[in-house]
Asks: 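Attaching a single structure in C-alpha coordinates format; questions to follow.
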Amino acid sequence: MSLNNLGLNKKTLVKNHKIAFDQDKMWLDINHELSKKKKKPRLILFFTCILFTSFSSIFISQYQSHKYKSQGLSKHSIDNLPNTPSAKSSTILDVCPENELLVISATPSAKMIEKHISANVLESFNTPNNISNQSVTIDEKFDSTHYTNTSTNQTLTEPLPKLELSAKSFFKVLLILGEVYLYPVEEKISISCPITID
Amino acid sequence: MRQHQDKDEADIIKGCINEISQFQYELFMRYSESLFATCVRYVGCQDQAKDVLQESFLAIFKYIQNYNADKGSLFTWMNKICINKSLKHIKSSYTVIDYGEEDHSSIADANPSAMELLEANELFNEIIKLPEPYRTVFNLYEIEGFSHLEIANLLKIQEVSSRSILSRAKKLLIAHLQNLQFKGA
(Lines give C-alpha, C1' and ligand atoms only; values in the text may rest on other atoms or scores of the structure.)
Protein backbone atom coordinates (compact mmCIF):
# COMPACT_ATOMS: atom_id res chain seq x y z
CA MET A 1 0.00 0.00 0.00
CA SER A 2 1.07 3.52 -0.55
CA LEU A 3 -0.31 6.47 1.31
CA ASN A 4 -0.78 7.98 -2.10
CA ASN A 5 -4.01 6.05 -1.83
CA LEU A 6 -5.15 8.68 0.57
CA GLY A 7 -7.45 9.92 -2.14
CA LEU A 8 -8.57 13.43 -2.92
CA ASN A 9 -11.61 13.23 -0.70
CA LYS A 10 -9.68 12.18 2.37
CA LYS A 11 -6.98 14.77 1.80
CA THR A 12 -9.63 17.44 1.54
CA LEU A 13 -11.30 16.20 4.69
CA VAL A 14 -8.01 16.35 6.55
CA LYS A 15 -7.31 19.76 5.08
CA ASN A 16 -10.72 21.08 6.07
CA HIS A 17 -10.63 19.51 9.48
CA LYS A 18 -11.78 21.82 12.27
CA ILE A 19 -10.81 21.83 15.90
CA ALA A 20 -12.97 23.62 18.41
CA PHE A 21 -11.28 25.80 20.97
CA ASP A 22 -12.04 28.80 23.14
CA GLN A 23 -12.32 31.35 20.34
CA ASP A 24 -13.52 34.20 22.55
CA LYS A 25 -10.52 33.91 24.80
CA MET A 26 -8.12 34.02 21.88
CA TRP A 27 -10.05 36.88 20.30
CA LEU A 28 -9.55 38.90 23.47
CA ASP A 29 -5.80 38.38 23.19
CA ILE A 30 -5.77 39.23 19.49
CA ASN A 31 -7.94 42.29 20.01
CA HIS A 32 -5.67 43.44 22.81
CA GLU A 33 -2.63 43.13 20.51
CA LEU A 34 -4.45 44.95 17.71
CA SER A 35 -5.45 47.83 19.96
CA LYS A 36 -1.86 48.10 21.23
CA LYS A 37 -0.68 48.47 17.65
CA LYS A 38 -3.32 51.12 17.03
CA LYS A 39 -2.18 53.07 20.07
CA LYS A 40 1.47 53.07 19.03
CA PRO A 41 1.17 55.71 16.29
CA ARG A 42 -0.80 57.95 18.66
CA LEU A 43 1.90 57.61 21.28
CA ILE A 44 4.60 58.33 18.73
CA LEU A 45 2.67 61.44 17.60
CA PHE A 46 2.26 62.54 21.21
CA PHE A 47 5.94 62.24 21.99
CA THR A 48 6.85 63.88 18.70
CA CYS A 49 4.67 66.85 19.65
CA ILE A 50 6.33 67.07 23.06
CA LEU A 51 9.77 66.93 21.50
CA PHE A 52 8.82 69.51 18.90
CA THR A 53 7.45 71.85 21.55
CA SER A 54 10.55 71.44 23.70
CA PHE A 55 12.93 72.05 20.83
CA SER A 56 10.87 75.01 19.65
CA SER A 57 10.96 76.68 23.05
CA ILE A 58 14.69 76.02 23.34
CA PHE A 59 15.24 77.42 19.88
CA ILE A 60 13.12 80.51 20.57
CA SER A 61 14.85 81.21 23.86
CA GLN A 62 18.24 80.78 22.20
CA TYR A 63 17.16 83.08 19.42
CA GLN A 64 15.91 85.74 21.82
CA SER A 65 19.05 85.49 23.87
CA HIS A 66 21.09 85.93 20.72
CA LYS A 67 18.92 88.85 19.72
CA TYR A 68 19.41 90.62 23.03
CA LYS A 69 23.11 90.04 22.92
CA SER A 70 23.29 91.41 19.42
CA GLN A 71 21.70 94.56 20.76
CA GLY A 72 24.55 94.99 23.16
CA LEU A 73 22.83 93.67 26.24
CA SER A 74 25.12 91.70 28.42
CA LYS A 75 24.28 88.12 29.29
CA HIS A 76 24.54 89.00 32.92
CA SER A 77 21.81 91.59 32.72
CA ILE A 78 19.48 89.27 30.80
CA ASP A 79 20.03 86.38 33.15
CA ASN A 80 19.35 88.59 36.09
CA LEU A 81 15.97 89.72 34.94
CA PRO A 82 13.33 88.93 37.53
CA ASN A 83 12.13 85.37 37.24
CA THR A 84 8.48 86.25 37.05
CA PRO A 85 6.10 86.19 34.14
CA SER A 86 6.99 88.85 31.70
CA ALA A 87 4.42 90.87 29.92
CA LYS A 88 5.00 91.92 26.42
CA SER A 89 3.46 94.99 24.98
CA SER A 90 -0.31 94.99 24.89
CA THR A 91 -0.39 92.41 27.67
CA ILE A 92 -2.35 93.29 30.72
CA LEU A 93 -0.48 92.54 33.86
CA ASP A 94 -2.46 90.47 36.23
CA VAL A 95 -0.84 91.60 39.39
CA CYS A 96 -3.16 94.39 40.28
CA PRO A 97 -6.57 93.84 41.83
CA GLU A 98 -9.76 95.44 40.63
CA ASN A 99 -8.60 96.31 37.21
CA GLU A 100 -5.97 98.66 38.33
CA LEU A 101 -3.96 97.90 35.36
CA LEU A 102 -1.01 99.00 33.53
CA VAL A 103 -1.68 98.86 29.85
CA ILE A 104 0.79 99.63 27.20
CA SER A 105 -0.18 99.86 23.60
CA ALA A 106 0.99 97.14 21.30
CA THR A 107 4.34 97.39 19.56
CA PRO A 108 4.74 101.03 20.12
CA SER A 109 7.21 102.84 18.06
CA ALA A 110 10.26 104.19 19.66
CA LYS A 111 8.90 107.66 19.48
CA MET A 112 5.70 106.64 21.16
CA ILE A 113 7.47 104.96 24.00
CA GLU A 114 9.72 107.84 24.45
CA LYS A 115 6.79 110.17 24.43
CA HIS A 116 4.78 108.10 26.86
CA ILE A 117 7.57 107.71 29.25
CA SER A 118 8.69 111.21 29.15
CA ALA A 119 5.17 112.51 29.54
CA ASN A 120 3.11 112.28 32.69
CA VAL A 121 2.85 108.55 32.76
CA LEU A 122 5.46 107.92 35.31
CA GLU A 123 4.44 110.84 37.31
CA SER A 124 1.04 109.33 37.96
CA PHE A 125 2.53 106.06 39.01
CA ASN A 126 2.18 106.20 42.72
CA THR A 127 3.37 103.58 45.08
CA PRO A 128 1.08 101.89 47.56
CA ASN A 129 0.60 103.56 50.88
CA ASN A 130 2.27 106.50 49.38
CA ILE A 131 5.54 105.17 50.56
CA SER A 132 7.37 107.44 48.37
CA ASN A 133 4.54 109.22 46.74
CA GLN A 134 7.04 110.37 44.34
CA SER A 135 7.16 110.50 40.67
CA VAL A 136 10.03 108.83 39.05
CA THR A 137 11.19 110.17 35.86
CA ILE A 138 13.40 108.64 33.31
CA ASP A 139 16.13 111.03 33.83
CA GLU A 140 16.39 110.20 37.46
CA LYS A 141 16.46 106.45 37.14
CA PHE A 142 17.79 105.85 33.72
CA ASP A 143 20.47 103.29 33.99
CA SER A 144 22.67 103.33 30.99
CA THR A 145 25.46 101.31 32.48
CA HIS A 146 23.92 97.88 31.95
CA TYR A 147 21.86 98.34 28.88
CA THR A 148 23.69 100.34 26.39
CA ASN A 149 22.26 99.62 23.02
CA THR A 150 25.07 99.36 20.56
CA SER A 151 23.03 98.25 17.63
CA THR A 152 23.34 100.57 14.76
CA ASN A 153 20.11 99.72 12.99
CA GLN A 154 17.67 99.99 15.84
CA THR A 155 15.35 102.94 15.69
CA LEU A 156 15.01 103.78 19.32
CA THR A 157 16.37 107.06 20.35
CA GLU A 158 17.69 107.85 23.74
CA PRO A 159 16.82 107.24 26.49
CA LEU A 160 17.23 103.52 26.46
CA PRO A 161 16.44 100.79 27.61
CA LYS A 162 16.02 99.92 31.27
CA LEU A 163 13.93 102.03 33.50
CA GLU A 164 13.36 101.52 37.14
CA LEU A 165 10.18 103.23 37.97
CA SER A 166 10.72 103.85 41.58
CA ALA A 167 13.26 103.57 44.25
CA LYS A 168 11.32 100.59 45.56
CA SER A 169 11.41 98.90 42.17
CA PHE A 170 7.84 97.91 41.83
CA PHE A 171 8.36 97.38 38.17
CA LYS A 172 11.28 97.09 35.95
CA VAL A 173 10.70 98.17 32.46
CA LEU A 174 12.95 97.02 29.74
CA LEU A 175 12.72 98.51 26.32
CA ILE A 176 14.22 96.50 23.57
CA LEU A 177 13.75 97.54 20.01
CA GLY A 178 10.33 98.96 20.51
CA GLU A 179 9.00 96.14 22.65
CA VAL A 180 8.05 96.81 26.18
CA TYR A 181 8.73 94.22 28.82
CA LEU A 182 7.33 94.64 32.27
CA TYR A 183 8.69 92.69 35.15
CA PRO A 184 6.73 92.84 38.37
CA VAL A 185 9.22 92.66 41.13
CA GLU A 186 6.85 92.05 43.98
CA GLU A 187 3.79 89.88 43.79
CA LYS A 188 1.85 91.94 46.32
CA ILE A 189 2.17 95.10 44.46
CA SER A 190 -0.85 97.22 43.98
CA ILE A 191 -1.17 100.37 42.08
CA SER A 192 -3.21 103.01 43.65
CA CYS A 193 -4.26 104.66 40.48
CA PRO A 194 -4.77 103.09 37.09
CA ILE A 195 -2.27 104.01 34.55
CA THR A 196 -3.09 103.98 30.93
CA ILE A 197 -0.91 104.66 28.05
CA ASP A 198 -3.03 105.38 25.06
CA MET B 1 -26.46 31.54 -1.48
CA ARG B 2 -22.88 31.26 -2.71
CA GLN B 3 -23.07 34.79 -4.07
CA HIS B 4 -24.46 36.02 -0.77
CA GLN B 5 -21.59 34.40 1.11
CA ASP B 6 -19.04 35.88 -1.30
CA LYS B 7 -20.55 39.30 -0.85
CA ASP B 8 -20.36 38.90 2.90
CA GLU B 9 -16.74 37.88 2.61
CA ALA B 10 -15.96 40.90 0.45
CA ASP B 11 -17.54 43.13 3.07
CA ILE B 12 -15.55 41.44 5.79
CA ILE B 13 -12.31 41.91 3.88
CA LYS B 14 -13.13 45.57 3.32
CA GLY B 15 -13.95 46.00 6.98
CA CYS B 16 -10.71 44.31 8.00
CA ILE B 17 -8.71 46.56 5.68
CA ASN B 18 -10.33 49.52 7.45
CA GLU B 19 -9.38 47.91 10.77
CA ILE B 20 -12.97 47.72 11.98
CA SER B 21 -13.00 45.41 14.96
CA GLN B 22 -16.43 43.97 14.23
CA PHE B 23 -15.34 42.65 10.84
CA GLN B 24 -12.06 41.36 12.20
CA TYR B 25 -14.03 39.43 14.80
CA GLU B 26 -16.33 38.05 12.09
CA LEU B 27 -13.36 36.85 10.05
CA PHE B 28 -11.75 35.29 13.10
CA MET B 29 -14.90 33.45 14.15
CA ARG B 30 -15.53 32.20 10.65
CA TYR B 31 -12.13 30.66 9.95
CA SER B 32 -10.28 30.22 13.21
CA GLU B 33 -11.33 26.60 13.86
CA SER B 34 -10.20 25.43 10.42
CA LEU B 35 -6.96 27.36 10.66
CA PHE B 36 -6.38 26.08 14.15
CA ALA B 37 -6.57 22.54 12.75
CA THR B 38 -3.93 23.47 10.20
CA CYS B 39 -1.65 24.82 12.90
CA VAL B 40 -2.17 21.74 15.06
CA ARG B 41 -1.46 19.48 12.08
CA TYR B 42 1.92 21.16 11.62
CA VAL B 43 2.92 22.00 15.14
CA GLY B 44 1.53 18.83 16.67
CA CYS B 45 0.56 20.42 19.96
CA GLN B 46 -2.56 22.43 20.65
CA ASP B 47 -0.97 24.83 23.11
CA GLN B 48 1.79 25.83 20.72
CA ALA B 49 -0.67 25.83 17.82
CA LYS B 50 -2.72 28.45 19.65
CA ASP B 51 0.30 30.74 19.80
CA VAL B 52 0.96 30.17 16.13
CA LEU B 53 -2.68 30.82 15.25
CA GLN B 54 -2.72 34.05 17.20
CA GLU B 55 0.44 35.19 15.47
CA SER B 56 -1.06 34.17 12.13
CA PHE B 57 -4.21 36.20 12.67
CA LEU B 58 -2.18 39.26 13.59
CA ALA B 59 -0.31 38.83 10.31
CA ILE B 60 -3.58 38.26 8.45
CA PHE B 61 -5.06 41.51 9.78
CA LYS B 62 -1.84 43.36 9.05
CA TYR B 63 -1.47 42.21 5.47
CA ILE B 64 -5.07 41.63 4.42
CA GLN B 65 -4.89 44.50 1.94
CA ASN B 66 -2.39 42.35 0.00
CA TYR B 67 -4.93 39.56 -0.51
CA ASN B 68 -5.85 39.17 -4.15
CA ALA B 69 -9.13 37.35 -4.78
CA ASP B 70 -8.05 36.52 -8.34
CA LYS B 71 -5.21 34.34 -7.07
CA GLY B 72 -7.30 32.13 -4.81
CA SER B 73 -9.80 31.98 -2.01
CA LEU B 74 -9.39 33.90 1.21
CA PHE B 75 -9.18 30.67 3.16
CA THR B 76 -6.32 29.41 0.99
CA TRP B 77 -4.46 32.68 1.51
CA MET B 78 -4.97 32.57 5.27
CA ASN B 79 -4.08 28.89 5.36
CA LYS B 80 -0.77 29.68 3.66
CA ILE B 81 -0.01 32.27 6.29
CA CYS B 82 -0.75 29.72 9.00
CA ILE B 83 1.49 27.15 7.31
CA ASN B 84 4.33 29.66 7.02
CA LYS B 85 3.97 30.70 10.64
CA SER B 86 3.86 27.05 11.70
CA LEU B 87 6.99 26.25 9.69
CA LYS B 88 8.73 29.23 11.23
CA HIS B 89 7.74 27.97 14.65
CA ILE B 90 8.92 24.45 13.86
CA LYS B 91 12.22 25.70 12.46
CA SER B 92 12.87 27.62 15.65
CA SER B 93 12.30 24.45 17.70
CA TYR B 94 13.94 21.73 15.65
CA THR B 95 16.98 21.15 13.52
CA VAL B 96 16.23 19.34 10.33
CA ILE B 97 18.80 16.63 9.83
CA ASP B 98 19.85 15.44 6.42
CA TYR B 99 18.28 12.01 6.24
CA GLY B 100 19.91 10.80 3.06
CA GLU B 101 18.24 8.43 0.67
CA GLU B 102 15.72 5.78 1.69
CA ASP B 103 14.48 2.59 0.12
CA HIS B 104 10.95 3.51 -0.97
CA SER B 105 9.87 0.03 -1.87
CA SER B 106 9.38 -1.09 1.73
CA ILE B 107 6.24 0.91 2.19
CA ALA B 108 4.46 -0.58 -0.77
CA ASP B 109 3.25 -3.75 0.92
CA ALA B 110 1.35 -2.52 3.92
CA ASN B 111 -2.22 -3.54 4.48
CA PRO B 112 -4.35 -1.49 2.05
CA SER B 113 -7.44 -1.84 4.14
CA ALA B 114 -5.92 0.24 6.89
CA MET B 115 -6.19 3.39 4.83
CA GLU B 116 -9.59 2.55 3.50
CA LEU B 117 -11.05 2.06 6.92
CA LEU B 118 -9.52 5.15 8.32
CA GLU B 119 -11.73 8.11 9.00
CA ALA B 120 -10.41 11.60 8.33
CA ASN B 121 -10.45 12.34 12.05
CA GLU B 122 -8.31 9.35 12.87
CA LEU B 123 -5.92 10.12 10.07
CA PHE B 124 -5.64 13.67 11.37
CA ASN B 125 -4.88 12.43 14.86
CA GLU B 126 -2.24 10.03 13.59
CA ILE B 127 -0.59 12.72 11.47
CA ILE B 128 -0.16 15.03 14.43
CA LYS B 129 1.47 12.21 16.37
CA LEU B 130 4.27 11.98 13.82
CA PRO B 131 7.54 13.41 15.11
CA GLU B 132 9.40 16.19 13.38
CA PRO B 133 10.38 16.52 10.59
CA TYR B 134 8.20 13.65 9.34
CA ARG B 135 5.00 15.48 10.17
CA THR B 136 6.00 18.61 8.30
CA VAL B 137 7.14 16.87 5.16
CA PHE B 138 4.12 14.56 5.19
CA ASN B 139 1.76 17.51 5.58
CA LEU B 140 3.43 19.53 2.88
CA TYR B 141 3.62 16.69 0.40
CA GLU B 142 0.52 14.63 1.03
CA ILE B 143 -1.96 17.17 2.28
CA GLU B 144 -0.91 20.46 0.71
CA GLY B 145 0.44 18.93 -2.48
CA PHE B 146 3.88 20.55 -2.52
CA SER B 147 6.57 18.95 -4.66
CA HIS B 148 9.78 17.60 -3.11
CA LEU B 149 11.70 20.42 -4.73
CA GLU B 150 9.40 23.00 -3.14
CA ILE B 151 9.66 21.28 0.23
CA ALA B 152 13.44 21.16 -0.08
CA ASN B 153 13.56 24.89 -0.77
CA LEU B 154 11.13 25.64 2.00
CA LEU B 155 12.92 23.61 4.66
CA LYS B 156 16.42 24.27 3.32
CA ILE B 157 17.16 20.59 2.86
CA GLN B 158 18.11 18.48 -0.12
CA GLU B 159 15.37 17.19 -2.36
CA VAL B 160 16.46 13.63 -1.76
CA SER B 161 16.18 14.22 1.98
CA SER B 162 12.61 15.34 1.53
CA ARG B 163 11.83 12.07 -0.26
CA SER B 164 13.56 10.11 2.42
CA ILE B 165 11.79 11.86 5.26
CA LEU B 166 8.46 11.36 3.56
CA SER B 167 9.17 7.69 3.13
CA ARG B 168 9.97 7.27 6.81
CA ALA B 169 6.93 9.33 7.74
CA LYS B 170 4.73 7.01 5.78
CA LYS B 171 6.31 3.98 7.41
CA LEU B 172 5.70 5.42 10.81
CA LEU B 173 2.17 6.38 9.96
CA ILE B 174 1.38 2.95 8.61
CA ALA B 175 2.84 1.36 11.72
CA HIS B 176 0.62 3.60 13.85
CA LEU B 177 -2.39 2.76 11.76
CA GLN B 178 -1.74 -0.95 11.96
CA ASN B 179 -1.35 -0.64 15.67
CA LEU B 180 -4.65 1.21 15.80
CA GLN B 181 -6.31 -1.48 13.71
CA PHE B 182 -4.83 -4.17 15.95
CA LYS B 183 -6.18 -2.45 19.04
CA GLY B 184 -9.55 -2.07 17.40
CA ALA B 185 -9.69 -5.74 16.55
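This is a predicted model, so every value here is computed, not measured. Lettering of chains follows the sequences in order, A, B, ..., and the numbering in each one begins at 1. Side chains included, hydrogens not; waters and symmetry mates left out as well; all remaining heavy atoms used.
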Asks: Taking C-beta and beyond as the side chain, do Cys39(B) and Ile19(A) meet within less than 4.5 Å on heavy atoms?
Replies: no
Asks: Are the side chain of Asn68(B) and the backbone of Asp70(B) linked by a donor-acceptor contact shorter than 3.5 Å?
Replies: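 Yes, Asn68(B) side chain to Asp70(B) backbone: donor-acceptor pair under 3.5 Å.
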Asks: Which of the residues Met29(B), Gln24(B), Glu33(B) is involved in the greatest number of heavy-atom pairs with chain A at under 4.5 angstrom?
Replies: Glu33(B)
Asks: For the residue pair Phe21(A) and Phe28(B), does the interplanar ring angle fall in the parallel (under 30°), tilted (30 to 60°) or perpendicular (over 60°) class?
Replies: perpendicular
Asks: Select one option (side chain, backbone, both, neither) describing which atoms of Asp29(A) are under 4.5 Å from chain B's heavy atoms.
Replies: both
Asks: Among Ala37(B), Ala49(B), Gly145(B), which residue forms the greatest number of heavy-atom pairs with chain A at distances under 4.5 Å?
Replies: Ala37(B)
Asks: Do side-chain atoms of Tyr67(B) reach the backbone of Gly72(B) as a donor and acceptor pair under 3.5 angstrom?
Replies: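 Between the backbone of Gly72(B) and the side chain of Tyr67(B) there is a qualifying donor-acceptor contact (under 3.5 Å).
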Asks: Under 4.5 Å from any heavy atom of chain A, what part of Leu35(B) do you find: side chain, backbone, both or neither?
Replies: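 Contact with chain A: none, neither part.
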Asks: What part of Phe61(B) is in contact with chain A, defined as an atom under 4.5 angstrom from a non-hydrogen atom: side chain, backbone, both or neither?
Replies: side chain
Asks: Would you mind reporting whether Tyr31(B) and Asn79(B) have side-chain heavy atoms less than 4.5 Å apart?
Replies: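 Of all side-chain heavy-atom pairs linking Tyr31(B) with Asn79(B), none is under 4.5 Å.
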Asks: Between Glu55(B) and chain A, which part of the residue has a heavy atom less than 4.5 Å away: side chain, backbone, both or neither?
Replies: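 Neither part; nothing is under 4.5 Å.
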